[in-house]
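Numbering of ligands and ligand atoms starts at 1, following listing order.
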Amino acid sequence: MDRVFSGIQPTGELHIGNWLGAVKNWVALQDQYECLYCAVDLHVLTAKYDPAALAGRTREMLVSLMAAGLDPERSIIFAQSHVPEHTRLMWFFTHVTGVGELERMTQFKDKSQRMERVPAGLLMYPVLQAADILLYRANRVPVGEDQVQHLELSREIARAWNAEFSAEAPFLPEPQALLTPARRIMGLDGEAKMSKSLGNTIGIFDSAEQIWEKLRPAKTDPARQTKKDPGTPELCNLFTLHRHFSSAETVQTVDRNCRTAGWGCIDCKRVLSESINSEFAPIRARGEALRADPAQVDRAIARGAERARAIALDTMAGVERRMGFLPMTGQG
Ligand code: TRP
């Protein structure tokens with residue numbers, strides 16, 4: 001069976017941007033593939049971060065993923081730092097990766113430009129990402145558009161490593177991107193991409209009241225200055241959300257009432273608020289159950305790491321042998 005790997009940085013709780021852009025699709029992929037999903041806490045070191053918050057955020061992300069419907073029985077859900085082989089394989093990959101290629105990565109160029117001192121880890125970011133995937137010999141990687149370049153580099157690393165160390169029968173598969181169907185969703189302010197730190201999004205654990213409080217002031221089609229002005233749904237960010245969260249029938253009703261000014265934006269927001277609330281109600285309930293039983297969460301996280309590590313050690317044995325390292329065969 002094909003194997004899926006994907007990772008998400010542990011920013012804390014998931015929000016509708018991550019949900020629509022990634023995790024909803026990850027849930028669906030569990031029916032088709034053997035899946036590994038990872039909170040990539042080591043990637044956090046490529047930028048400034050708060051060590052006092054890291055552990056809590058990593059745990060919160062894993063809880064969010066499980067609440068969202070990633071099933072720790074079927075899939076392997078774990079923290080990257082719990083499997084030390086990620087960084088070990090990254091080092092091995094530096095042998096087949098050119099600094100020039102890394103400097104040409106769009107994300108590196110964007111992020112490094114704004115820094116006066118560029119941490120070496122930022123340059124290595126995509127090498128660690130390649131190690132994440134290839135450590136499990138995963139061949140499918142669900143990602144958004146912005147990660148396509150990094151995935152292409154992972155393929156090049158696999159190709160270069162195979163050419164040098166296992167030319168006769170390639171040991172590492174070249175992973176393929178599974179492009180996430182949802183396009184990027186704008187924040188509720190209609191200005192920036194959704195992010196928790198900008199406060200322009202809705203968290204998967206937000207209550208019905210919190211969802212409503214966030215939607216009420218959200219930006220809509222600017223042509224609708226008053227309730228009487230007809231609008232164009234395609235120009236409204238909230239219509240995009242309706243298409244993701246509301247039934248086909250509701251989407252039609254919204255479309256008609258926007259164009260004819262039958263509804264004011266506030267009416268449309270009420271309906272959207274209900275749609276989002278009903279999609280997240282079961283997620284919220286699972287989140288509460290998980291929070292009520294922290295020992296169960298601890299066990300699931302440990303078990304995820306254990307299952308991931310078993311695959312990782314097997315890959316590393318194959319990698320180390322092909323790269324010519326001295327095996328440790330004596331008894332300690
Ligand atoms: N770079 C990815 C992002 O920002 C996160 C990530 C790290 C990842 N390692 C990965 C994604 C491996 C897919 C596979 O979204």
Side-chain angles (χ1 to χ4, degrees), residues 2-12 14-15 17-27 29 33-47 49 54 57-58 61-62 64-65 68 70 75-90 93 97 102 105-112 119 121-158 172-185 193-197 304 308 311-312 315:
D2 278 350
R3 192 178 275 163
V4 160
F5 182 98
S6 202
I8 187 166
Q9 286 214 24
T11 46
L14 282 171
H15 57 69
N18 321 124
W19 169 246
L20 297 176
V23 178
K24 190 173 183 174
N25 186 38
W26 294 4
V27 173
L29 291 172
Y33 299 106
E34 180 190 353
C35 298
L36 294 106
Y37 296 119
C38 183
V40 290
D41 51 357
L42 297 170
H43 278 96
V44 169
L45 304 197
T46 59
Y49 80 103
L54 181 61
R57 288 196 177 139
T58 303
M61 179 53 76
L62 292 168
S64 288
L65 293 174
L70 298 185
S75 300
I76 301 180
I77 301 162
F78 69 107
Q80 186 187 28
S81 62
H82 289 175
V83 182
E85 286 71 25
H86 286 254
T87 41
R88 183 165 174 80
L89 185 58
M90 175 187 76
F93 282 166
T97 312
L102 296 177
M105 291 289 118
T106 311
Q107 190 173 302
F108 174 75
K109 286 194 282 186
D110 284 353
K111 292 196 172 164
S112 59
L122 188 64
L123 188 66
M124 293 294 289
Y125 184 115
V127 188
L128 182 57
Q129 182 163 350
D132 294 341
I133 300 164
L134 296 170
L135 185 54
Y136 303 99
R137 282 163 286 159
N139 36 16
R140 309 265 173 175
V141 184
V143 283
E145 283 290 346
D146 65 329
Q147 293 299 311
V148 167
Q149 195 185 35
H150 284 167
L151 208 72
E152 188 48 46
L153 187 79
S154 297
R155 295 166 60 81
E156 278 165 24
I157 289 174
L172 300 175
E174 288 179 30
Q176 275 178 6
L178 285 177
L179 271 192
T180 308
R183 287 198 304 124
R184 211 189 257 323
I185 315 278
K193 108 178 198 199
M194 275 190 178
S195 92
K196 204 178 165 204
S197 55
I311 304 173
T315 301

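For ligand 1, the atoms sitting less than 4.0 Å from at least one non-hydrogen atom of Val141 are 13 (C), 14 (C), numbered in the order shown with element in parentheses. Near Phe5, the atoms of ligand 1 lying under 4.0 angstrom from a non-hydrogen atom of the residue are 12 (C), 14 (C). With ligand atoms numbered from 1 in the order given, ligand 1 contributes 13 (C) to contacts under 4.0 Å with heavy atoms of Val143. Every atom of ligand 1 is numbered from 1 in the order shown, and the set under 4.0 Å from a heavy atom of Val40 is 7 (C), 9 (N). Applying the 4.0 Å criterion to heavy atoms of His43 picks out, from ligand 1, the atoms 7 (C), 9 (N).
For Pro175 against Ser154, the heavy-atom pair with the smallest separation is CG-CB, 4.1 Å. What you find for His43 and Tyr125 is that their closest heavy atoms are NE2-O, 3.3 Å.
Remark: the backbone N or O of Ser195 is not paired with any side-chain donor or acceptor of His15 at under 3.5 angstrom. Between the side chain of Ser81 and the backbone N or O of Asp41, no donor-acceptor pair lies under 3.5 Å. Of the possible donor and acceptor atoms, one in the side chain of Tyr37 sits under 3.5 Å from a partner among the backbone N and O of Trp26. A donor-acceptor pair under 3.5 Å is formed between the side chain of Gln149 and the backbone N or O of Thr106.
Atom 1 (N) of ligand 1 has as its closest protein heavy atom Tyr125 OH, 2.7 Å. The nearest protein atom to atom 5 (C) of ligand 1, hydrogens excluded, is given as Gly7 O, 3.6 Å; this is a heavy-atom distance. With hydrogens left out, the protein atom closest to atom 8 (C) of ligand 1 is Gln129 NE2, 3.6 Å, a heavy atom.
For ligand 1, the polar-atom distance check finds an N/O of Asp132 within less than 3.5 Å of one of the ligand's N/O atoms. For ligand 1, one of its N or O atoms has an N or O atom of Gln147 under 3.5 Å away.
Neither the backbone nor the side chain of Leu128 comes within 4.0 Å of ligand 1, counting heavy atoms alone. Counting heavy atoms closer than 4.0 Å to ligand 1, residue Ile8 contributes nothing at all. At a heavy-atom cutoff of 4.0 Å, ligand 1 is contacted by no atom of Gln9, backbone or side chain. With a 4.0 Å cut-off on non-hydrogen atoms, Leu151 does not touch ligand 1 at all.
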For side-chain contact (heavy atoms from CB on, under 4.5 Å), just list the numbers for Leu36 and Val4, CA-CA rounded to whole Å, side-chain angles, deciding distance to a tenth of an Å, and then say yes or no. CA-CA 6 Å; Leu36 294 106; Val4 160; over 6 Å; no
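Relative ring orientation between His86 and Tyr136 is described as tilted, the plane-to-plane angle lying within the 30° to 60° band.
Gln80 and Asp132 share a donor-acceptor pair across their side chains, judged by distance under 3.5 Å alone.
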